[in-house]
Amino acid sequence: MRAKTGGGAAAAAWPEHLATHARLVKSASPDVLYATTAMRAYLRACLPLQSLLLLRGLLPRAPRLLANSFSLSVALQACASAAAPAALGASLHACALRSGFAAADLFVRTAIVEMYAKCGRVDLARTAFDEAPRRDVFLCNVMLAAYVARCEVAEARKVFDGMRAKDLVSWNTMLHGYAVRGQVGMAREIFDGTEGRDVFSWSSMISAYAKGRRSKEALELWREMLAVGIVPDCITLVSVLAACSDLAALHIGADVHQFVESNMVELDLKLGTALIDMYAKCGDIDSAHRVFDAMPAKDVLTWSSMIIGMANHGLGHDSLRLFSKMISEGMKPNGITFIGVLIACTHVGLVSDGKKHFRSMSEEHGVEPTVEHYGCMVDLLGRAGHVEEARQLIRSMPFEPDAIIWRALLGACRIHKNVEVAEEAMAKLRVLDPLGDGHYVLLSNIYAQANSWEGVAEMRKTIKRESIQRIPGRSSIEWEKTIHDFISGDRSHPRSKEIYSMLEEMMDRLRQAGYKPMTDLVLQDIDETSKVRSLAEHSEKLAIAFGLLTTLPKSTIRITKNLRACEDCHSAIKFISLVYGRKLIVRDRNRFHHFSEGQCSCKDYW
DNA sequence: GTCACTTGAA
């Protein structure tokens, strides 16, 4: 691992530097060379604050510290890395101008530009850049990185295009600029134009795809990278795992884990957390837990990921127990941790625990609730049937309620058949999120439950009139390390014929076991038989039929869906688990459902 | 002797 991320090599020589530091602090007139060396040692060991403290302590006693260009540039680097107060950096800049180093020494000039950039003054960085009598690749790269860090990609591109000579760092920085902005197409253009691509190039491009939720392309690139013989580092693996999590590609993710086990000495914090997240999101919560237990050091994110993972698997009590353990071990929770805690309560219906934790956030842990936490509370109360209390909470909250809040209330109205509050929520949603397709379907289902067929017809008309694009339900399943996607009524799969005959057999067996199609849920204005067929061809059922075709008897089938689980499918899958003697793990938009022996882990509370 | 790549939720 490189020193910047791991710090291994620098840390090994540490006692020596401590001795140097002690000598310097005691000395009346500190030696300039020692001082510079000590500052550099701190910088290399990723301790910029120490470096800055040393600089400030020594400056009054060692004015000659700034009298040679090397020491001066190290001092500037200390300011840059520790984001020092602007005044200190500016005084070093003035010093560099007085001594003539700013003009004569490119290294000093570069350090000045970087110092201003890292202290948040890109304007001054730019001035120093423009005033440079000469510019080399390094100087340009620093300016380029400054714009990229502020997401000013257009400015970055101007610098990039203006460079007479570019090295690999220039290309990689530009690529990263597009990657963080989610401009995947531009990123790919730069990637394709890069000669001699290294781990940085590949990692950036993979993360661009992962960030843009083009996870299949991310994994394709990952394969290509291995084929070309590039050795991945921790950062590459974290991005690859993010793509696996998104796609629920458990077996590819497990390969990455295998790679880590056989090649890395110990689990890096971020990589470990990414592994936990991957296993949890791919439906294998036990493996997530094993990685968690094996990690030698954990930070808030590690704990939060595990808490959230268990919460999403409906293991509310375990999740809360882990939270208590985290607190008792002295780890300070953050806002995300509490999102996990509230989700844990929501998925199991622990209303009073949820209220208690919500109160304790600011009172005991100094974490102020955000609109997202209020969203979780509305969800928690509403789902548990306290619709009126949820409505009161929305009125009393210190934020303007957003679409997500009203959407949560609307969801509660569907479960608890509250047409009146549903209409109020819908009125708000029409303003805040007029194109969101889900609410119209929800309200329509609420009308259907209340036998208000005029209401259903009205919703159908509204969807048509306002040309709301309904997001199609999509389910996927991993087979032989490839993700197979299905949409409702899909016939595009190469094995479509087999899938449909399996589906037919499956539906017959379910009906014999007592399954009844919930045709009321079908929004289209079609006859009963067509409604039954429409339900039977839901994407979940197609994916499961494919799973039954391709997996061994008794093995677990894992399905991922982009929307909330459909009620008819939820009921059908319970029958499937019984009739076929299979475990099925379904990830929907919100949580996991573990089906076994005719029951679901959510106990129909979701 | 400097510059570039990363995770958590609704």
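Order of the sequence lines fixes the chain letters, A, B, ..., with proteins taken first and strands second; residue numbering starts at 1 for each chain.
When the nucleotides B:dA4, B:dT2, B:dA9 are ranked by their closest atom to the side chain of A:F200, B:dA4 comes out on top. Taking the side chain of A:F107 as heavy atoms from C-beta on, and the options B:dA4, B:dG1, B:dT7, the nearest nucleotide is B:dG1. Of the candidate nucleotides B:dA10, B:dT6, B:dG8, B:dT6 has the atom lying nearest to any side-chain atom of A:K270. Comparing B:dT7, B:dA4, B:dG8 against the side chain of A:S305 picks out B:dG8 as the nearest. Listed nucleotides B:dG8, B:dC5, B:dA4 differ in distance to A:S207; the shortest reach to its side chain belongs to B:dC5. Checked against B:dA4, B:dC3, B:dA9, the side chain of A:F138 finds its nearest nucleotide in B:dC3. Across B:dC5, B:dT6, B:dG8, the shortest atom-to-atom separation from the side chain of A:V238 is found for B:dT6. Of the candidates B:dA9, B:dT2, B:dC5, B:dA9 carries the atom nearest the A:I339 side chain, counting heavy atoms from C-beta on. Considering only side-chain atoms of A:I343, the nucleotide from B:dG8, B:dC5, B:dA9 that sits closest is B:dA9.
Rounded to an integer number of Å, the gap from A:R197 CZ to B:dA4 C1' is 16 Å. At whole-Å resolution of the value, CG in A:L271 and C1' in B:dG8 are 15 Å apart. Going from atom CE of A:M163 over to atom P of B:dC3 covers 15 Å, rounded to whole Å. Protein atom CG of A:D198 is 9 Å distant from nucleotide atom C1' of B:dA4, rounded to whole Å. Regarding A:Y42, its OH atom lies at a distance of 19 Å from the P atom of B:dT2, rounded to whole Å. As rounded to whole Å, 16 Å separates atom P of B:dA4 from atom OH of A:Y147. Between A:H439 atom NE2 and B:dA10 atom C1' the separation is 14 Å, expressed in whole Å. Computed from coordinates, the A:D167 CG to B:dA4 C1' distance equals 9 Å when rounded to whole Å.
With salt bridges taken as basic N to acidic carboxylate O contacts below 4.0 Å, none links A:R290 and A:D293. Residues A:K158 and A:E155 are paired through a salt bridge, judged by an N-O separation under 4.0 Å between the basic side chain and the carboxylate.
Residue pairs meeting the salt bridge (Lys or Arg N to Asp or Glu O under 4.0 Å) criterion with at least one member in residues 189-198 of chain A, sequence neighbours excluded: A:R188-A:D192. Evaluation of the salt bridge (Lys or Arg N to Asp or Glu O under 4.0 Å) test over residues 105-122 of chain A, restricted to residues two or more places apart or in two chains, returns A:E114-A:K118, A:R121-A:D123.
Side-chain N/O atoms of A:T370 and A:H373 include a donor and acceptor closer than 3.5 Å. With no hydrogens or angles considered, a side-chain donor-acceptor pair links A:R157 and A:Y178 at under 3.5 Å.
Base engagement by A:S73 is indicated by at least one non-hydrogen atom pair under 4.0 Å involving a base atom. Counting any heavy atom pair closer than 4.0 Å across all strands shown, A:R40 reaches sugar-phosphate atoms only and no base atom. Contacts of A:L269 with the nucleic acid, taken as non-hydrogen atoms under 4.0 Å apart, are absent. Note on A:D379: nothing from the nucleic acid sits closer than 4.0 angstrom, heavy atoms only. The residue A:D299 sits apart from the nucleic acid: no heavy atom pair falls under 4.0 Å. Residue-level contact check: A:S304 touches neither bases nor backbone, having no heavy atom under 4.0 Å from any strand. Counting non-hydrogen atoms under 4.0 angstrom, A:K211 reaches the backbone sugars and phosphates but no base.
With hydrogens and angles left out, the side chain of A:T337 and the base of B:dG8 share no donor-acceptor pair within 3.5 Å.
The line from CE of A:M163 to CG of A:D136 is 9.0 Å long, rounded to the nearest 0.5 Å.
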Report task. Kindly determine whether A:V231 and A:V199 satisfy side-chain contact (heavy atoms from CB on, under 4.5 Å), including the steps that lead there. Result -> CA-CA 7 Å; A:V231 180; A:V199 212; over 6 Å; no
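Contacts between residues 172-181 of chain A and DNA chain B, counted as heavy-atom distances below 4.0 Å, involve A:N172, A:T173, A:H176.
Classified by interplanar angle (parallel below 30°, tilted 30° to 60°, perpendicular above 60°), the ring pair A:H365/A:F323 is perpendicular.
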